[in-house]
There are 2 protein chains.
Amino acid sequence: MAPGAGRGAGAAPRSVDVARLAGVSQKTVSRVMNDEPYVSEDVRRRVLAAADELGYRSNNAARALASGRTRSIGVVTLGTALYGPASLLMGVERAVRDTGYALRVVNTMEGETAGIAGAVGSLLDQGVDGIVISEPIDEPGGAVLSARLDVPILVLGAPPPFAAPHVVTAGIVSDQMARAATEHLLELGHTTVHHLAGPQRWYSARDRLEGWRAALAAHDRAEPPVVQGDWSAASGYAAGRELAADPGVTAVFAANDDMAIGLMRALAEAGRRVPEDVSVVGFDDTPVAAYVTPPLTTVRQPFDAMAQDGLKLLVHAIESPQADPLPMTDPPVELVVRASSAPPLR
Amino acid sequence: MAPGAGRGAGAAPRSVDVARLAGVSQKTVSRVMNDEPYVSEDVRRRVLAAADELGYRSNNAARALASGRTRSIGVVTLGTALYGPASLLMGVERAVRDTGYALRVVNTMEGETAGIAGAVGSLLDQGVDGIVISEPIDEPGGAVLSARLDVPILVLGAPPPFAAPHVVTAGIVSDQMARAATEHLLELGHTTVHHLAGPQRWYSARDRLEGWRAALAAHDRAEPPVVQGDWSAASGYAAGRELAADPGVTAVFAANDDMAIGLMRALAEAGRRVPEDVSVVGFDDTPVAAYVTPPLTTVRQPFDAMAQDGLKLLVHAIESPQADPLPMTDPPVELVVRASSAPPLR
DNA sequence: CGCAGTCATGACAGCGCAGTCATGCATCGG
DNA sequence: CCGATGCATGACTGCGCTGTCATGACTGCG
């Protein structure tokens with residue numbers, strides 16, 4: 001920084017420049033900018049006018065340094081365009097913006113070395129007041145968080161994959177939804193329901209598996225072997241070729257819509273009609289679910305509500321560190337029945 | 001800030017703490033942390049060991065304040081989970097991370113008052129070294145950027161919707177791809193090709209329209225009326241009911257896969273077979289495109305490559321403000337031919 | 001009328017880092 | 001053998017803001 005450089009015309013205006021123009025002290029400008037009390041209306045107006053004239057924007061770095069708070073929240077997501085995670089991320093962005101915080105994003109990829117803990121670390125390096133971990137997955141070696149974790153963490157869609165203080169969780173409703181989906185098929189008259197599961201490293205996949213299992217148990221049904229997929233339509237297709245060969249399969253609950261779509265294609269190719277021969281239920285209600293052949297019965301998740309509820313908790317934890325955590329409300333779930341599920345032919 | 005509070009055990013360590021432990025000056029710690037030259041190997045090791053022992057992380061706000069750079073890049077996206085924009089956002093995240101910058105995200109929603117200019121403003125408030133605008137749309141009143149825009153901007157997937165200095169653009173290849181898709185249908189022997197367009201506020205929608213138009217013109221074909229959709233499968237379905245009623249329609253190029261899927265469903269319901277009666281080509285190659293009925297011929301966009309190329313330009317503009325802009329390389333495009341397109345029956 | 005209380009404002013310091021410059025020590029060439 | 005050069009390091013300062021405290025003006029009340 002050249003000491004005698006003066007401040008060229010290009011330099012961004014600072015609060016003292018505004019202060020000078022408004023004829024007040026720099027501190028008063030700060031008061032106005034932060035909506036602090038004890039500023040007369042007259043002064044407030046003058047300061048705002050001066051700020052506007054100069055095109056003043058307060059310097060965030062300086063504010064963060066002086067106040068010790070960055071007013072930003074970091075999000076860790078899995079770097080995938082899958083409908084569920086992507087929708088949840090959009091919901092989080094909206095919810096964060098509503099709270100007045102800024103958003104920083106770090107993705108992790110499956111199989112990446114640093115993983116979730118690395119992503120959290122990079123957010124802490126950047127300086128955030130809180131962290132959201134969206135749909136975490138299990139990682140090899142387990143996620144070990146920095147011991148000096150001093151910001152609250154919200155884990156969305158799963159119980160935290162690690163032990164840490166200040167952790168709140170929201171939006172664990174998959175199992176109830178999965179159970180509802182399975183029971184829908186049982187109530188249609190199917191003897192049992194097969195499950196096309198997501199990758200078991202994902203909590204949401206395990207959760208849906210549990211919901212399916214609970215529904216079968218509640219109705220005293222035998223539990224057929226689980227078929228594994230990886231969320232992709234391709235894996236659903238592969239699973240479908242297997243299931244199509246088994247005439248005992250009359251109903252399948254897939255852990256997401258993409259797999260359900262791949263599954264239906266394999267069934268069609270094998271000459272098994274949906275829903276006459278096999279009923280299929282998906283999960284997510286992706287935008288195309290209603291328009292594939294046949295239209296897919298599926299479960300709609302309230303991503304926005306989950307994100308909003310969760311962020312309320314997080315912001316509460318940030319701004320009232322001492323207070324008790326807020327109670328969770330379960331967001332509304334919806335089973336959308338379409339043509340892919342029907343009573344079995346007899 | 002309590003003056004006499006001392007620094008409790010809970011306080012985050014600062015560079016002077018590291019310096020004290022390593023027996024060097026605070027400035028030397030700064031040198032080591034920033035990989036500056038003129039530090040002996042011995043000292044470097046001692047400092048790193050001390051930092052590790054204390055769990056030191058440099059304070060980003062202080063660094064930004066002292067250096068005048070935040071080392072972060074802001075992204076403005078449309079807040080949608082649509083496959084295309086979401087994939088591009090993921091690509092941008094990865095590319096930003098590769099450059100060593102942090103990422104801040106602000107969404108805009110269609111119809112939101114603040115719009116793109118507001119999102120850019122909020123990023124400038126936060127302090128970013130560069131801005132990426134991903135798939136901008138036209139806004140009512142036009143986007144007027146702050147006159148005091150002093151950071152470079154990268155517009156991804158469109159020419160900038162506003163005039164501003166320091167703007168670079170990348171990834172405008174939709175029209176070529178759309179043209180290729182249309183020509184694929186013409187070469188199969190179709191007399192003409194109908195177009196199911198995206199919302200015309202989106203540049204990418206207009207671009208695909210232009211490509212389609214160019215292909216028809218190059219082959220001296222009449223240009224049938226354009227059908228309007230909004231990217232959704234529902235709008236594709238609505239358009240499909242219209243098109244199905246017209247026996248002259250034998251080939252349709254849809255501006256994205258979701259609309260193509262809705263379209264195919266409407267055709268099926270109307271008793272028009274795909275591809276025997278009507279060929280359909282989509283755009284995006286969403287994960288389910290290969291598994292719908294029939295599997296969809298579509299165009300695959302190189303989102304990651306677009307993001308990486310674009311960010312290379314942006315970082316160059318950030319770090320070498322004087323230098324000429326880097327040349328653009330066109331990323332690879334791919335037409336994926338599947339069963340939804342075939343020669344017309346005669 | 002005098003004192004306490006409230007409101008409105010300013011002076012000052014310090015947040016934790018990087019930039020600038022000074023300094024001390026080793027190395028080299030003539 | 002001595003000045004010129006290069007390397008390694010430290011002292012000091014300031015980035016632009018917020019927190020704390022001091023100060024003065026104004027209000028109400030006994």
Select one nucleotide: of dC15(D), dT18(D), dG10(D), the one nearest the side-chain heavy atoms of Leu65(B). dC15(D)
In whole angstroms, how far is the C1' atom of dG10(D) from the CD atom of Glu36(B)? 14 Å
Would you indicate, yes or no, if dA18(C) has its OP1 or OP2 atom less than 4.0 angstrom from a side-chain nitrogen or oxygen of Ser30(B)? yes
Rounded to whole Å, CD of Gln26(B) lies from C1' of dC15(D) at a distance of 14 Å
With the threshold set at 4.0 Å, does a side-chain nitrogen-carboxylate oxygen contact exist between Arg45(B) and Asp52(B)? no
May I have the distance from Asp35(B) (atom CG) to dA18(C) (atom P), rounded to whole angstrom? 12 Å
Tyr56(B) side chain, from C-beta outward: closest of dT18(D), dC17(D), dC17(C): dC17(C)
Can you tell me if Asp125(B) uses its side chain to pair, donor with acceptor, with the backbone of Arg57(A) under 3.5 Å? no
Under 4.0 Å between a side-chain nitrogen and a carboxylate oxygen: does that hold for Asp98(B) and Lys312(B)? no
Between dG10(C) atom P and Arg20(A) atom CZ, what is the distance in whole Å? 14 Å
Each nucleotide N or O in nucleotides 5-9 of chain C that has a protein N or O under 3.5 Å away: list the pair and distance.
{"from": "dC7(C)", "atom 1": "OP2", "to": "Tyr38(A)", "atom 2": "OH", "distance (Å)": "3.1"}
{"from": "dT9(C)", "atom 1": "OP1", "to": "Ser40(A)", "atom 2": "OG", "distance (Å)": "3.0"}
{"from": "dT9(C)", "atom 1": "OP2", "to": "Ser40(A)", "atom 2": "N", "distance (Å)": "2.7"}
{"from": "dT9(C)", "atom 1": "OP2", "to": "Ser40(A)", "atom 2": "OG", "distance (Å)": "3.4"}

For Ser15(A), which contact category applies under a 4.0 Å heavy-atom criterion: base, sugar-phosphate, or nothing? sugar-phosphate
Taking the side chain as C-beta and beyond, is there a heavy-atom pair between Val106(B) and Val75(B) under 4.5 Å? no
Testing Val29(A), Val39(A), Leu21(A) for side-chain contact (heavy atoms from CB on, under 4.5 Å) with Val47(A), which one passes? Val29(A)
Kindly say if Arg14(A) contacts the phosphate of dG16(D), meaning a side-chain N or O under 4.0 Å from OP1 or OP2. yes
What is the distance, to the nearest angstrom, from the NZ atom on Lys27(B) to the C1' atom on dC17(C)? 9 Å
Taking five pairs at each end, how big is the angle between the two axes of the helix from dC1(C)-dG30(D) to dG30(C)-dC1(D), to 10°? 40°
Non-hydrogen atoms of Ala119(A) and Thr108(A) that approach each other most closely: CB-CG2, 3.5 Å
Just so I know, are the side chains of Ile73(A) and Ile318(A) near enough to count as touching, which here means a heavy-atom distance under 4.5 Å? yes
Please determine whether a side-chain nitrogen of the Lys or Arg among Arg46(A) and Asp42(A) lies less than 4.0 Å from a carboxylate oxygen of the Asp or Glu. yes
Rounded to whole angstrom units, what separation is found between the CZ atom of Arg69(A) and the C1' atom of dC17(D)? 15 Å
For the backbone of Gln126(B) and the side chain of Arg104(B), can you confirm whether one donor and one acceptor N or O come within less than 3.5 Å of each other? yes
Looking for any heavy atom pair under 4.0 Å, which part of the strands does Asn60(B) touch: base, sugar-phosphate only, or nothing? nothing
Report yes if a side-chain nitrogen or oxygen of Asn34(A) is closer than 4.0 Å to either non-bridging phosphate oxygen (OP1 or OP2) of dT18(D); otherwise report no. yes
